[in-house]
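For reference, the structure is listed below as structure tokens.
Each chain gets a letter, A, B and so on, in the order its sequence line appears, and its residues count up from 1.
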Amino acid sequence: MVWKNAFIYTLRQDPADAEVISHKLMMRAGMIQKLAAGIYDYLPLGLRVIRKIEGIIRQEMARCGAVELLMPVVVPAELWQESGRWEYYGPELLRLSDRKDAAFCLGPTHEEVVVDVARKSVRSYRDLPLCLFQIQTKFRDEIRPRFGLMRGREFIMKDAYSFHVNDQSLDEMYWAMHAAYTAIFKRCGLDFRPVEADSGTIGGSVTHEFHVLASSGEDTIVSCDACDYAANIEKAQADILVQSPAAPPAGAPAPQEVATPGLKSIEEVSSFLKIAPAQTIKMLVYSVNHGSSMVGVCIRGDRAVNEAKLRGLLGADSIAVPDENELRAKHGMPIGFIGPVNLDKTKYKLNSIIADFSVASLTDVVCGANKEDAHLLHVFPGRDLMPDRYADVGFVAEGDRCPRCHGGTLKQFRGIEVGQVFKLGTKYSGPMGMTVLNEQGNAQVVTMGCYGIGVGRTAAAAIEQNHDADGIIWPAAIAPFAVAILCLDPGNEEARTLSLHLHNELEKLNIDALLDDRDERPGVKFKDADLIGFPCRVTVGSRGLKEGCVEIKMRKSKEVLKAPKENALERIVAALA
RNA sequence: CGGGGUGUAGCGCAGUCUGGUAGCGCACCUGCCUUGGGCGCAGGUUGUCGCAGGUUCGAAUCCUGUCACCCCGACCA
């Protein structure tokens, strides 16, 4: 490819609306261009990266026995009504209608469609296992798209779906996909971790997310410093020694009310009483399934409630913290002063009280007194608390002990979720009636897995991990071009001929080369090459040619070597290996 | 959806408070010059000042409405 034909326009300054480094660099390097919020043009250079990643994915999918197909982006509502998701998916699903007023949506994910594809043909257990995948544009009307390709509304996703006659077969495919994802992200040159993840409203299922470690990541992941335990913080557990409180020691003082006028927060109360926040219990009220019931949750004062865990524990579709004024007005709750001691559930219309494990080991602590402007001292959970149950509903904290090896400590990292593998079970095949005849000749609902990779997000994550002050440093496997040949003097016959020759020979060897033949000053070409991040740069200029040499420079190591022009080609090939 | 902010040339911005000929840097075009890290000189092109109303002799500027985009939060396969 010759620069003049390549449609590459770089920017000297960061675009004003870009926040994270990958977004800035992709815009500046002329890889993407914004069309609307969360909707981008993939320019030729950016598309080449996408295609490279897709190529790696295709190879690894083939290795798992997955076969590629392509399903429509526009999906009739009936399919979504069949699975039930038309009702509860919410505004993230972009709905539209055609000229006949028939309802459609833009597919944000394709479980319904793929079940429909498979059920039309698959009749027998002999056809299973089956794994279908596609690489396709998805649309999710995100509340807040941001960070360029990292959280777009329109984005390219590889989504695979597998069908099985039993759990063992599903399990095999699940781990084959897990291994494939590991291979894919490794080949893309990423530093990543597979982590256990929350399965959302689908209780009991197994799922792993693949996170690229990066400070700009939107997720927090937790991993053990001694073993291989790693989990999304939504799911992560700590090694909890005490799950129910002991009786208080003999002579423990009785609870005592203390005036705490206007002091509602844990910080205010603990600093006023000169105690650590960990010596308090805080209590929160959650509305479950849009107000159909309410629960009280108490947790150690310095900890936060993990709403994903709470939702899972309750088996709820949604939970939310109700409006404070509403709780005061409708339920008479002294917000800021409620506590788990002598709590009148009926009065406050609370269906149940849950205590996090973090309060079980506490003794002699402070909590709200259930009346305005007062707290209680000398609370002993083993004596004073009567929750309906103790459970794990808190976030783990940095330094908690590992639940797997019991010896290591948990550390937190930021991660970019680039992929997820999921055991779906019969969530879609059941309602949509996808059955096969089993060995006994009986109709049996198939069990499914699904496996996604954000292709554009993977590209963005690669930049987050591989850049410097000058620009992108592409991992070789996903670089738009492996080599940039800079012809510094297009006016010089020898330089022009030699650079073109090298370019042509590299292409013959199936090595992607970009020839910068522009009539620009050398500095411009160097800056652009660094910004775009070609792994290898070959400089052909009159200065080197006087010594009969070209210069080969590696972007990542900054290593420079001069090669005699006669064997420049083999030196370049060797440098890339 | 709540809070905050921004819309002026392809990009980055000033001008808006205090109404009076539309500006700067980069990019782009022409010529000269230069050629190993975003050269220099000279000349030039590019705008419904987001959109719609209103006030005014006169609106980028004041008022009303509206749209888009960005940030924080809530939310999120």
Quiz item: For C1(B), which nucleotide in any strand shown is its Watson-Crick or wobble partner with both distances under 3.5 Å?
Solution: G73(B)

Quiz item: I552(A) has an atom CD1; how far is it from atom C1' of G36(B), in whole Å?
Solution: 16 Å

Quiz item: Restricting to pairs with a member in residues 27-37 of chain A, which pass salt bridge (Lys or Arg N to Asp or Glu O under 4.0 Å), not counting sequence neighbours?
Solution: D14(A)-R28(A), D17(A)-K34(A)

Quiz prompt | Separation between the P atoms of C17(B) and C41(B), rounded to whole Å | solution = 36 Å

Quiz item: Quick one: are the ring centres of W175(A) and H208(A) less than 6.0 Å apart?
Solution: yes

Quiz item: When you compare A52(B) with G12(B), how far apart are their P atoms, in angstrom units rounded to a whole number?
Solution: 23 Å

Quiz item: Counting distance only, does the side-chain N/O of D528(A) pair as donor-acceptor with the main-chain N or O of L531(A) below 3.5 Å?
Solution: no

Practice problem: Take atom CG of D519(A) and atom P of G36(B), then tell me their distance rounded to the nearest Å. | Solution: 14 Å

Quiz item: Looking for any heavy atom pair under 4.0 Å, which part of the strands does K546(A) touch: base, sugar-phosphate only, or nothing?
Solution: nothing

Quiz prompt | Any residue meeting salt bridge (charged side-chain N to carboxylate O under 4.0 Å, His left out) with E551(A), in chain and number order, not counting sequence neighbours | solution = R537(A)

Quiz item: Across all strands, who's sitting opposite U61(B) as a Watson-Crick or G-U wobble pair, both distances under 3.5 Å?
Solution: none

Self-check item: Result of checking F104(A), W86(A), Y89(A) against W80(A) for ring-ring contact (aromatic ring centres under 6.0 Å, His included)
Solution: Y89(A)

Practice problem: Mark yes or no for a side-chain to base donor-acceptor pair under 3.5 Å between R537(A) and G36(B), with no hydrogen or angle criteria applied. | Solution: no

Exercise. Could you tell me which nucleotide pairs with G23(B) by Watson-Crick or G-U wobble geometry, both distances under 3.5 Å, or answer none if nothing does?
Key: C13(B)

Quiz item: Say you pick atom P in C71(B) and the same atom in G47(B); how far apart are they, in whole Å?
Solution: 30 Å

Self-check item: Qualifying residues under side chain to side chain donor-acceptor pair (under 3.5 Å), relative to R496(A), sequence neighbours excluded
Solution: E493(A)

Quiz item: Base, sugar-phosphate alone, or nothing: which one does R85(A) contact when heavy atoms must sit under 4.0 Å apart?
Solution: nothing

Practice problem: Answer with yes or no whether the side chains of E82(A) and Y428(A) bring together a donor and an acceptor at under 3.5 Å. | Solution: no

Exercise. For G19(B) versus C63(B), give the span between their C1' atoms, rounded off to a whole number of Å.
Key: 13 Å

Practice problem: Send over the distance from R496(A) CZ to U35(B) P, rounded to a whole Å. | Solution: 18 Å

Quiz prompt | Complementary nucleotide for A68(B) - Watson-Crick or wobble, under 3.5 Å | solution = U6(B)

Exercise. Can you sort out the partners of E218(A) under salt bridge (charged side-chain N to carboxylate O under 4.0 Å, His left out), two or more places apart, ordered by chain and number?
Key: R146(A), R151(A)

Quiz prompt | Interatomic distance where CG belongs to N492(A) and C1' belongs to U34(B) [whole Å] | solution = 16 Å

Quiz item: Taking atom P in both G44(B) and C24(B), what distance in whole Å separates the two?
Solution: 12 Å

Quiz prompt | Integer angstrom distance from the P of G5(B) to that of C62(B) | solution = 15 Å

Quiz item: Quick one: I39(A) CD1 to A68(B) P, roughly how many Å, whole number?
Solution: 12 Å

Quiz item: Once you round it to whole Å, what is the distance between P of G12(B) and CZ of R28(A)?
Solution: 12 Å

Quiz prompt | Ring centres under 6.0 angstrom apart (Y9(A), F7(A)) | solution = yes

Self-check item: Sugar-phosphate only, base, or nothing, as touched by G90(A) at under 4.0 Å among non-hydrogen atoms
Solution: nothing

Please tabulate the protein-to-nucleotide N/O contacts below 3.5 Å involving nucleotides 23-31 of chain B, giving atom names and distances.
| residue | atom | partner | partner atom | Å |
| --- | --- | --- | --- | --- |
| G25(B) | N2 | Q13(A) | OE1 | 3.4 |
| A27(B) | OP1 | R12(A) | NH2 | 3.4 |

Quiz item: Which whole number of Å gives the distance between the P atom of C26(B) and that of C39(B)?
Solution: 11 Å

Quiz item: In whole Å, what is the span from the CG atom of D530(A) to the C1' atom of G36(B)?
Solution: 13 Å

Exercise. Flag the pair F210(A) / H178(A) as yes when their ring centroid distance falls below 6.0 Å, and as no otherwise.
Key: yes

Quiz prompt | 5′-ward residue of the pair P15(A)/G419(A) relative to RNA chain B | solution = P15(A)

Practice problem: Give one of base, sugar-phosphate or nothing for S542(A), where a contact means two heavy atoms less than 4.0 Å apart. | Solution: nothing

Quiz prompt | Watson-Crick/G-U partner (both atom distances under 3.5 Å) of G40(B) | solution = C32(B)

Exercise. Report the C-alpha separation of N492(A) and S542(A) in whole Å, then their side-chain angles, then the decisive distance to 0.1 Å, and conclude whether the side chain to side chain donor-acceptor pair (under 3.5 Å) test is met.
Key: CA-CA 7 Å; N492(A) 174 317; S542(A) 48; 4.8 Å; no

Exercise. For M157(A), answer base if it contacts any base atom (sugar-phosphate contacts may also be present), sugar-phosphate if it contacts only those atoms, and nothing otherwise; contact means non-hydrogen atoms under 4.0 Å.
Key: base

Self-check item: Atom C1', compared across U61(B) and A14(B): separation rounded to whole Å
Solution: 14 Å

Exercise. Searching all strands shown, indicate the nucleotide that pairs with U56(B) (Watson-Crick or G-U wobble; both distances under 3.5 Å).
Key: none

Practice problem: Without swapping roles, check the side chain of Q412(A) against the backbone of V222(A) for a donor-acceptor pair under 3.5 Å. | Solution: no

Quiz item: Looking for any heavy atom pair under 4.0 Å, which part of the strands does D528(A) touch: base, sugar-phosphate only, or nothing?
Solution: base

Exercise. Give the rounded distance in Å between these two atoms: CG of D470(A) and C1' of G38(B).
Key: 11 Å

Practice problem: Give the B/S/- string for nucleotides 70-76 of chain B, one per nucleotide from 5' to 3', where a protein heavy atom under 4.0 Å of the base yields B, of only the sugar-phosphate yields S, and otherwise -. | Solution: SSBBBBB

